[in-house]
Amino acid sequence: MMRLNYMLLSSVITLAIAGAAFAEDTLTVTSWGGAYTKSQEEAFFKPFAKEAGAKILQDEWDGSTAKLKGMVETGQVTWDVVDVEPSHALQGCDEGWLETIDYSKLGGKDAFIDGAAMDCAVATIVFGTIYAFDAAKFPNGGPTTMADLFDTAKFPGPRALRKSPKTTLEFALIADGVKPAEVYDVLGTSEGVDRAFKKLDTIKKDVKVWWTAGAQPPQLLADGEVVMTTAWNGRIYDAVKNSGKNFKIVWDGQGMDFNLWAEPKGSKNKELADKFVAFTVNPDVMAQQSKYISYGPTLKAAIAKVPPDILVDLPTAPENTKNAFVVSSEFWADHDEELTERFNKWLAQ
């Protein structure tokens with residue numbers, strides 16, 4: 001009996017040790033699902049798992065911070081790396097539930113394009129909020145500037161705009177002659193806000209749809225409900241690439257935004273999480289993701305490694321960033337509530 005108990009005890013200890021080793025070699029990465037996560041799987045998850053001899057478990061979230069904060073506050077952190085938006089990175093830093101990024105291990109902040117290296121999250125992709133049009137509706141040449149989106153005399157037809165002040169107000173100011181580099185200086189004043197809404201007044205009657213979901217813009221163009229619409233570049237690219245649509249993106253005045261890796265405080269696999277983030281923030285590795293989805297790398301050195309035939313369709317292509325701006329997460333953290341309230345009142349008028 002004693003020998004049996006000893007054998008059972010030995011088995012339990014062996015399993016516990018094996019379980020601990022397995023836990024150390026397992027990383028849980030949480031992202032958004034769909035084609036975006038698939039691109040991460042091909043570019044990052046599979047290569048890292050092979051190189052590190054680790055297992056990557058995947059989870060999804062909807063961007064609601066309650067679960068993430070709750071994990072940290074209760075000490076029950078099951079996510080090791082999370083794909084976040086800039087607003088999450090700011091909030092997590094301010095409230096203390098995200099780790100600070102050590103950029104000395106990632107080549108320094110200067111290795112990244114402007115806005116990509118945040119204190120508590122490091123961006124891996126750039127997506128652009130742009131506007132696009134149905135080329136068939138403009139056989140003699142379509143719009144080329146942000147001002148053209150608002151020029152219903154030269155380019156007649158119904159429009160669709162996002163039902164949000166974010167980027168919509170910036171676009172209005174750029175169309176009204178404000179340089180993209182100065183857009184937040186202007187929008188940060190009451191006169192600038194008035195100016196943006198005054199410009200929106202000029203096309204309000206021509207906006208047939210105020211969209212709320214990313215899938216709407218390409219569908220609105222495909223159905224012929226509108227001739228041009230603001231959109232996220234990846235959605236339009238997908239409609240062209242995979243559905244054969246004759247849509248064209250206007251990059252002038254695009255708003256560049258990010259998705260970023262963050263690490264919740266209290267992860268039991270922080271060392272492996274650090275290695276994973278460092279692996280993805282390597283120019284050769286990061287450049288691979290653009291093969292699977294039309295988002296641009298955030299490392300300056302990675303942009304140069306993207307094949308020219310792919311780069312041309314990315315937000316970070318030099319030709320596409322000539323008149324672009326980086327969406328300011330700080331500005332919108334400070335002004336989102338008040339501007340959304342005014343925007344909704346304006347819509348209701």
Side-chain angles (χ1 to χ4, degrees), residues 12-34 36-86 88-109 111-112 116-125 258-282 284-286 288-289 298-299:
V12 169
I13 292 172
T14 300
L15 288 171
I17 293 172
F22 178 77
E24 289 173 1
D25 294 330
T26 301
L27 191 74
T28 300
V29 182
T30 299
S31 191
W32 304 90
Y36 176 54
T37 296
K38 184 65 177 176
S39 72
Q40 292 175 317
E41 185 178 329
E42 296 298 327
F44 303 142
F45 301 168
K46 290 179 180 178
F48 177 76
K50 183 177 181 180
E51 180 174 300
K55 181 178 181 179
I56 291 185
L57 301 179
Q58 295 183 39
D59 204 348
E60 292 182 22
W61 77 317
D62 61 2
S64 174
T65 58
K67 183 175 182 179
L68 186 52
K69 285 176 63 177
M71 284 184 184
V72 177
E73 290 169 356
T74 60
Q76 302 295 318
V77 179
T78 57
W79 293 347
D80 302 309
V81 180
V82 184
D83 191 291
V84 302
E85 297 174 349
H88 301 130
L90 284 175
Q91 184 183 354
C93 245
D94 290 343
E95 298 178 2
W97 38 269
L98 290 181
E99 295 281 3
T100 301
I101 301 294
D102 183 356
Y103 282 95
S104 68
K105 297 179 180 179
L106 303 178
K109 285 190 173 184
F112 297 83
M118 299 184 71
D119 289 345
C120 293
V122 55
T124 55
I125 63 100
F258 305 101
N259 276 74
L260 317 90
W261 290 136
E263 297 180 25
K265 282 189 176 177
S267 164
K268 297 175 179 59
N269 301 303
K270 187 178 186 313
E271 185 177 346
L272 190 60
D274 288 345
K275 288 180 180 178
F276 170 77
V277 172
F279 175 84
T280 65
V281 183
N282 171 296
D284 291 318
V285 175
M286 184 182 283
Q288 300 304 310
Q289 190 176 11
T298 58
L299 280 170

Intermediate values then yes/no, side-chain contact (heavy atoms from CB on, under 4.5 Å), Leu272 and Phe276: CA-CA 6 Å; Leu272 190 60; Phe276 170 77; 5.8 Å; no
Check: Thr298 side chain, Ala116 main-chain N or O, donor-acceptor pair, under 3.5 Å: no
Gln40 vs Gln58 side-chain heavy atoms within contact, under 4.5 Å: no
Evaluation steps, side-chain contact (heavy atoms from CB on, under 4.5 Å), between Phe258 and Ile125: CA-CA 6 Å; Phe258 305 101; Ile125 63 100; over 6 Å; no
Under 3.5 Å donor-acceptor, Asp80 side chain and Thr28 backbone: yes
Heavy-atom side-chain contact between Asp83 and Trp261 under 4.5 Å: yes
Shortest non-hydrogen contact from Ala121 toward Ile101: N-CG1, 3.4 Å
Ser267 and Asn269 side chains, donor-acceptor separation under 3.5 Å: no
Nearest-0.5 Å distance, CG of residue Leu260 to NE2 of residue His88: 10.5 Å
Nearest heavy atoms of Ser31 and Tyr36, plus distance in Å: OG-CE2, 3.7 Å
Stepwise side-chain contact (heavy atoms from CB on, under 4.5 Å) test for Phe44 and Gln288: CA-CA 8 Å; Phe44 303 142; Gln288 300 304 310; over 6 Å; no
Whether over 12 other heavy atoms sit under 6.0 Å from Lys105 NZ: no
Heavy-atom pair of closest approach, residues Pro47 and Glu41: CD-O, 4.0 Å
Nearest non-hydrogen partners of Val285 and Ala43, listed with the distance: CG1-O, 3.8 Å
Candidate list Thr100, Leu98, Val72, test side chain to side chain contact (heavy atoms under 4.5 Å, CB included), partner Lys265, passing option: Val72
Heavy-atom closest pair, residues Pro86 and Met118: O-CE, 3.6 Å
Val277 backbone acceptor or donor facing Thr280 side chain under 3.5 Å: yes
Check: Gln91 and Trp97 side chains under 4.5 Å, non-hydrogen atoms: yes
Where at least one partner belongs to residues 61-79, residue pairs that pass side-chain hydrogen bond (donor to acceptor under 3.5 Å, both in side chains), sequence neighbours excluded: Thr30-Trp79, Asp59-Trp79, Lys69-Glu95
Minimum heavy-atom distance between Pro264 and Leu68, given as atom pair plus value: CG-CD1, 3.7 Å
Residues Asp119, Lys109; criterion side-chain contact (heavy atoms from CB on, under 4.5 Å); working and verdict: CA-CA 10 Å; Asp119 289 345; Lys109 285 190 173 184; 3.0 Å; yes
